[in-house]
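What you see is a predicted model; the values in this text were computed from it and never measured.
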Amino acid sequence: MLTITREQARQFILAKQGLLGAYRFHGKDGAYAYIRQAGCIQFDPVDVCGKNAELTLQARVKGFKKAMLQELLYTDRKLVDYPDKELSIWPVEDWPYFASYRERSRASGTTFAGLAALEAEAVAYIKEHGPVSSDSLPIPGKIFWHSSLHWSGNWHKDSAAARSVLEQLYTDGVLIIHHKKGSRKYYDLAEKHLPAALLAAEDPCPDEEAFRAWRVRRRIGAVGLLWDKNSPAFLGIRMNAEQRQKALAALAVTGQICLVRVAGIKAPFYYGSEDEALLQEVLASRSDCRPRLSFLAPLDPLLWDKALVTALWDFRYSWEIYTPAVKRKYGYYTLPVLFGDRFVGRIEAVPDRREGILCVKGLWWEPSVRQTKKLDQALARALRDFAKFNDCRSVAMLSRDTGRPEG
C-alpha cells in the first residue's frame, strides 16, 4: 500500500482545493466548477466580512465577486440552497440523489394532522402571488411541532405557522429558495424554476446504502483526503462506523476511491480515483507549490475535520463566534491564514463600508512563523484583494500583531 508523507498529503489536498500555487479556479465558471468538485459548501447567514459560502469561494477563485454566487443560485439556477452538510449550496444537477431525503420529509409531515390543508393553502397563494417569506404568507397562528429533517434539527416550539409550513414544503422539495434579502428567505414553487425532467428524474440510488456511499464519495472529493474515522466531514450522513466502513469498502471495490497511508498516522486515508494524476504530480515533486496567502472561511471544507487539520498541519482552529467575549482567545470572526502549504496565523478583518476601509482588528501569527519580506508582501496583496472583495478602497491595520498564542 502506498505511504505518503504529511507534507505530500498537505500539498495534495491544497492543490486539489485550488489553494496552492497555480492550482486555482477562475471567475464565475470557476466558482461553479469548484462547487461541483466539492459537492456542497456550507451556508451560514452571518456576514462580518462576507458570508461563509462567499469566503469559501474568494479564497480559491481568482476574480470572485459575491454577485457571482447570487447569479449561479437565483438567475442561472445552476446551484440550489438545500440541506446536505447542514444548510448547504450544491449543484442543482444532484437534485435526484436527494429523493429519499425528500420522501422522509414528506412522511414526517404527516405527523401533524392539519398540515396538509395549510400546505395546500400556501401553494395556492404562491401560485397566485409569487415568492413569499414567512412574513408575507398570510397563514396566521403558531404550531408546536418538530421535524427532525429540517436542516437546523431544532424544536420549532410555538413557531409561526407560516414559517413551519414553508420549511416543510421546502424540505419536501415542493418549494425552493427563490432569493434572499439579507438572511430572510423567499420561497417559490420548484416547478417554476427547475427543469421538469430534473424534477421527474428517478432516484439514481436504489437504496439507502447506495445513497450513503454516494454522499461519502462526495465528501471525500470535497476535502481531497479523508480518513476512516467518525469525521465531522461526514456530518449529515446518517451512518455508524460499520456503515461508513461498508461504504468506503464498496467505493474502493468499484474503483471510485483509492486507499493511501500517511506516515505516522494510524487511520487509512482515501482519495478520489480521478485525482490519481494529481497525487503522482505531488509525489514526483512536479506540482506547483509556489506559496499563495489566503484567508479561509470558518466552515471551509478544508476545515470540516479539525482533528485531521491538526494531524496534518499541527494547526488548531476554533471558531469563537459563539464563545463569550471574555473567553475568546482571538476574535469574534477570525479567519485562518494559509501561506503556501502551512497555516501561519489568524486574522480578524472587519470592513467599514461607510468609509470604504477594511479594518484589521487582530492578526495572530503562529509561534513558529518567521515574518519575512515575502510573507509581508503576500499578506499585503491578500489584504488588498480582500478589501476589494468587501467593497473597500483601503486597509487600516488597527492591530499589526496582537500577540502569539502560547504553545
Side-chain angles (χ1 to χ4, degrees), residues 14 17-28 30-31 34-35 38 41-72 89 290-303 315 317 319-321 330-366 369 371-402:
L14 293 175
Q17 292 265 354
L19 290 166
L20 186 66
Y23 298 101
R24 197 167 193 178
F25 298 85
H26 296 265
K28 182 177 167 182
Y34 171 71
I35 295 174
I41 58 175
Q42 282 184 257
F43 173 81
D44 185 85
V46 176
D47 187 355
V48 174
C49 51
K51 297 184 179 73
N52 184 79
E54 296 165 343
L55 291 168
T56 298
L57 293 169
Q58 67 83 32
R60 44 182 55 82
V61 179
K62 187 175 179 60
F64 175 74
K65 298 178 181 178
K66 297 173 185 178
M68 294 176 181
L69 181 58
Q70 301 304 305
E71 290 171 7
L72 288 167
I89 295 170
R290 286 174 294 173
R292 192 170 81 233
L293 193 141
S294 305
F295 307 137
L296 299 190
L299 301 174
D300 190 289
L302 184 59
L303 301 169
F315 180 75
Y317 174 71
W319 193 24
E320 296 180 320
I321 188 170
Y330 301 103
Y332 172 76
Y333 205 87
T334 57
L335 308 179
V337 180
L338 184 71
F339 183 54
D341 67 351
R342 299 174 60 201
F343 283 99
V344 294
R346 298 161 175 80
I347 191 167
E348 184 179 23
V350 179
D352 180 341
R353 294 189 173 92
R354 177 178 292 182
E355 299 297 329
I357 300 172
L358 180 71
C359 303
V360 179
K361 298 176 66 176
L363 179 59
W364 299 265
W365 298 112
E366 286 293 278
V369 171
Q371 286 180 252
T372 62
K373 182 178 180 180
K374 192 173 184 179
L375 175 59
D376 286 342
Q377 290 173 340
L379 175 64
R381 284 194 299 271
L383 283 171
R384 285 196 299 270
D385 290 344
F386 202 61
K388 186 177 180 181
F389 166 72
N390 279 289
D391 300 317
C392 293
R393 299 181 299 276
S394 61
V395 178
M397 302 293 292
L398 303 186
S399 178
R400 178 65 182 176
D401 190 340
T402 56

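The two residues Ser294 and Leu19 have their closest heavy-atom pair at OG-CD2, 4.2 Å. Between Ala387 and Ser394, the shortest heavy-atom contact is CB-O, 4.2 Å. Nearest heavy atoms, Tyr23 versus Arg292: O-NH1, 3.5 Å. Closest of all the heavy-atom pairs between Phe389 and Cys49 is CE2-O, 3.5 Å. Scanning all heavy atoms of the two residues, the minimum distance from Ala59 to Arg24 falls at O-NH2, 4.5 Å. Closest approach of Glu320 to Tyr330, counting heavy atoms only: OE1-N, 2.9 Å.
Atom CZ of Arg346 and atom CG of Leu335 lie 11.0 Å apart (nearest 0.5 Å). The distance from the CG atom of Asp300 to the CG atom of Leu57 is 9.5 Å, given to the nearest 0.5 Å. A distance of 9.0 Å separates CG in Leu296 from OH in Tyr317, rounded to the nearest 0.5 Å. Between atom CG of residue Leu383 and atom CG of residue Leu363 there is a gap of 8.0 Å, rounded to the nearest 0.5 Å. In this structure, the separation between CD1 on Ile321 and CG on Asp44 is 6.5 Å, given to the nearest 0.5 Å. To the nearest 0.5 angstrom, Phe339 atom CZ is 6.0 Å from Thr372 atom OG1.
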### Task
Determine, stepwise, if the pair Leu55 / Phe386 fulfils side-chain contact (heavy atoms from CB on, under 4.5 Å).
CA-CA 10 Å; Leu55 291 168; Phe386 202 61; 3.6 Å; yes
### Task
Apply side-chain contact (heavy atoms from CB on, under 4.5 Å) to the pair Leu69 and Glu54, showing each step before the final yes or no.
CA-CA 7 Å; Leu69 181 58; Glu54 296 165 343; 4.1 Å; yes
### Message
Show, in sequence, the C-alpha distance, side-chain angles and deciding distance for Arg342 and Val369, and conclude whether the side-chain contact (heavy atoms from CB on, under 4.5 Å) test is met.
### Response
CA-CA 10 Å; Arg342 299 174 60 201; Val369 171; 4.0 Å; yes
### Query
Could you walk me through whether Leu302 and Thr56 pass the side-chain contact (heavy atoms from CB on, under 4.5 Å) check?
CA-CA 9 Å; Leu302 184 59; Thr56 298; over 6 Å; no
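Residues Trp365 and Leu375 are in side-chain contact: their nearest non-hydrogen atoms beyond the backbone lie under 4.5 Å apart. Counting only heavy atoms from C-beta outward, the side chains of Arg381 and Leu293 never approach each other to under 4.5 Å.
The closest donor-acceptor contact from the side chain of Glu366 to the backbone of Phe315 lies at 3.5 Å or more, if one exists at all. With hydrogens and angles ignored, the 3.5 Å screen pairs a side-chain donor or acceptor of Gln58 with a backbone N or O of Phe295. Panel note: side chain Asn390, backbone Cys392; no donor-acceptor pair is recorded below 3.5 Å. With hydrogens and angles disregarded, no donor-acceptor distance shorter than 3.5 Å links the side chain of Arg60 to the backbone of Leu20. Checked by atom type and distance alone, the side chain of Asn52 pairs as donor or acceptor with a backbone atom of Leu299 at under 3.5 Å.
Within 6.0 Å of NZ on Lys66 lie more than 12 heavy atoms contributed by other residues, nucleotides or ligands. Enclosure of atom CZ in Arg353 by more than 12 non-hydrogen atoms of other residues, nucleotides or ligands within 6.0 angstrom is indicated.
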